[in-house]
**Q** 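This structure is in structure tokens; I'll ask about it shortly.
All values derive from a computational prediction rather than experimental measurement. Throughout, residue positions are numbered sequentially from 1 according to the sequence presented.
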Amino acid sequence: MIVSVTRSGGFAGLTKQGELDTSGQPDADRLEAAVRELAAKDLGTGRPQPDRYVYRLEVRDADDAAADVTQHTVAEQDVDATTAWLLDRILS
């Protein structure tokens, strides 16, 4: 599974991007479980808030280039501990 993240917004309005292929990672099961939980967090509380981050994630199958890309959008106020850990792994 390949997960790409784009973080935008915040006080300065800067953008940061990262990508992670979960295959071969020692904690691949935990990473992939965190990705599967994202659908429930897609803009859970509604619109993004001023001066806060918005995370846009794209998930695709690493073994199938023709597979559909799944997209998720999570506002900073909806980021829980699991999602924060996932975002940190990808953006670090």
Side-chain angles (χ1 to χ4, degrees):
M1 176 183 294
I2 298 174
V3 186
S4 301
V5 175
T6 301
R7 182 186 75 192
S8 60
F11 183 72
L14 301 176
T15 300
K16 185 173 184 178
Q17 296 180 318
E19 183 173 278
L20 178 70
D21 185 346
T22 62
S23 60
Q25 296 292 321
D27 53 355
D29 290 341
R30 183 177 176 198
L31 287 163
E32 292 173 7
V35 170
R36 285 190 293 276
E37 292 177 17
L38 287 172
K41 298 173 180 127
D42 283 347
L43 289 179
T45 61
R47 297 181 7 210
Q49 298 173 352
D51 297 331
R52 297 194 79 179
Y53 292 123
V54 174
Y55 299 91
R56 289 181 176 76
L57 296 94
E58 291 187 353
V59 182
R60 64 186 185 278
D61 188 346
D63 297 326
D64 185 2
D68 290 335
V69 173
T70 304
Q71 298 182 345
H72 301 283
T73 302
V74 181
E76 181 180 10
Q77 68 270 14
D78 297 324
V79 174
D80 62 7
T82 301
T83 306
W85 171 80
L86 174 67
L87 295 168
D88 185 56
R89 283 291 310 274
I90 298 168
L91 293 173
S92 295

**Q** Starting from the C-alpha separation in whole Å, work towards a yes-or-no answer on side chain to side chain contact (heavy atoms under 4.5 Å, CB included) for Q25 and L20.
**A** CA-CA 9 Å; Q25 296 292 321; L20 178 70; 3.7 Å; yes
**Q** If a pair satisfies salt bridge (Lys or Arg N to Asp or Glu O under 4.0 Å) and one of its residues is in residues 83-92, list it, with sequence neighbours excluded.
**A**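 Applying salt bridge (Lys or Arg N to Asp or Glu O under 4.0 Å) to every pair that reaches into residues 83-92, excluding sequence neighbours, yields D27-R89.
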**Q** Kindly write out the residues that satisfy salt bridge (Lys or Arg N to Asp or Glu O under 4.0 Å) with R7, not counting sequence neighbours, or none if the list is empty.
**A**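 R7 satisfies salt bridge (Lys or Arg N to Asp or Glu O under 4.0 Å) with no other residue.
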**Q** Do V59 and H72 come close enough that some side-chain heavy atom pair is under 4.5 Å?
**A**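 Yes, close enough: below the 4.5 Å cut-off.
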**Q** Applying side-chain contact (heavy atoms from CB on, under 4.5 Å), name anything that partners A62, two or more places apart in sequence or on another chain.
**A**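 A62: side-chain contact (heavy atoms from CB on, under 4.5 Å) contacts with I2, D21.
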**Q** For the pair T22 (side chain) and M1 (backbone), establish whether a donor and an acceptor sit closer than 3.5 Å, ignoring hydrogens and angles.
**A**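 Yes, because the side chain of T22 sits within donor-acceptor range (under 3.5 Å) of the backbone of M1.
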**Q** Taking the side chain as every heavy atom from C-beta outward, state whether E76 and Q49 have any atom pair closer than 4.5 Å.
**A**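 No - every pair of side-chain heavy atoms lies 4.5 Å or more apart.
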**Q** What pairs with D51 under salt bridge (Lys or Arg N to Asp or Glu O under 4.0 Å), at least two apart in sequence or on another chain?
**A**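 Scan of D51 (salt bridge (Lys or Arg N to Asp or Glu O under 4.0 Å), adjacent residues dropped) gives none.
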**Q** Just to verify, what does R56 make a salt bridge (Lys or Arg N to Asp or Glu O under 4.0 Å) with, not counting sequence neighbours?
**A**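 Salt bridge (Lys or Arg N to Asp or Glu O under 4.0 Å) check on R56 returns nothing, list empty.
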**Q** Under the rule for side-chain hydrogen bond (donor to acceptor under 3.5 Å, both in side chains), what residues qualify as partners of D68, not counting sequence neighbours?
**A**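 None.
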**Q** Name the residue from Q17, K16, E58 that meets the side-chain contact (heavy atoms from CB on, under 4.5 Å) definition with T6.
**A**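 Among the candidates, only Q17 passes.
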**Q** How long is the straight-line distance from OG of S23 back to CG of D63, given to the nearest 0.5 Å?
**A**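 So the gap between those two atoms works out to 7.0 Å.
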**Q** Show the atom names and distances, to 0.1 Å, of all donor-acceptor pairs under 3.5 Å that link a side chain in residues 79-87 to residues at least two apart or in another chain.
**A**
| residue | atom | partner | partner atom | Å |
| --- | --- | --- | --- | --- |
| D80 | OD1 | T82 | N | 3.4 |
| D80 | OD1 | T83 | N | 2.8 |
| D80 | OD1 | T83 | OG1 | 2.8 |
| D80 | OD2 | K41 | NZ | 3.2 |
| T83 | OG1 | K41 | NZ | 3.2 |

**Q** Could you tell me which residues satisfy salt bridge (Lys or Arg N to Asp or Glu O under 4.0 Å) with E32, sequence neighbours excluded, listed by chain and number?
**A**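 Listed in chain order: nothing, the list is empty.
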**Q** Minimum heavy-atom separation for V74 to D78, with atom names?
**A**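 Shortest heavy-atom separation between V74 and D78 comes out as CG1-CB, 4.1 Å.
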**Q** Checking T15 now: which residues fulfil side-chain hydrogen bond (donor to acceptor under 3.5 Å, both in side chains) with it, not counting sequence neighbours?
**A**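 With sequence neighbours excluded, T15 shows a side-chain hydrogen bond (donor to acceptor under 3.5 Å, both in side chains) to no residue whatsoever.
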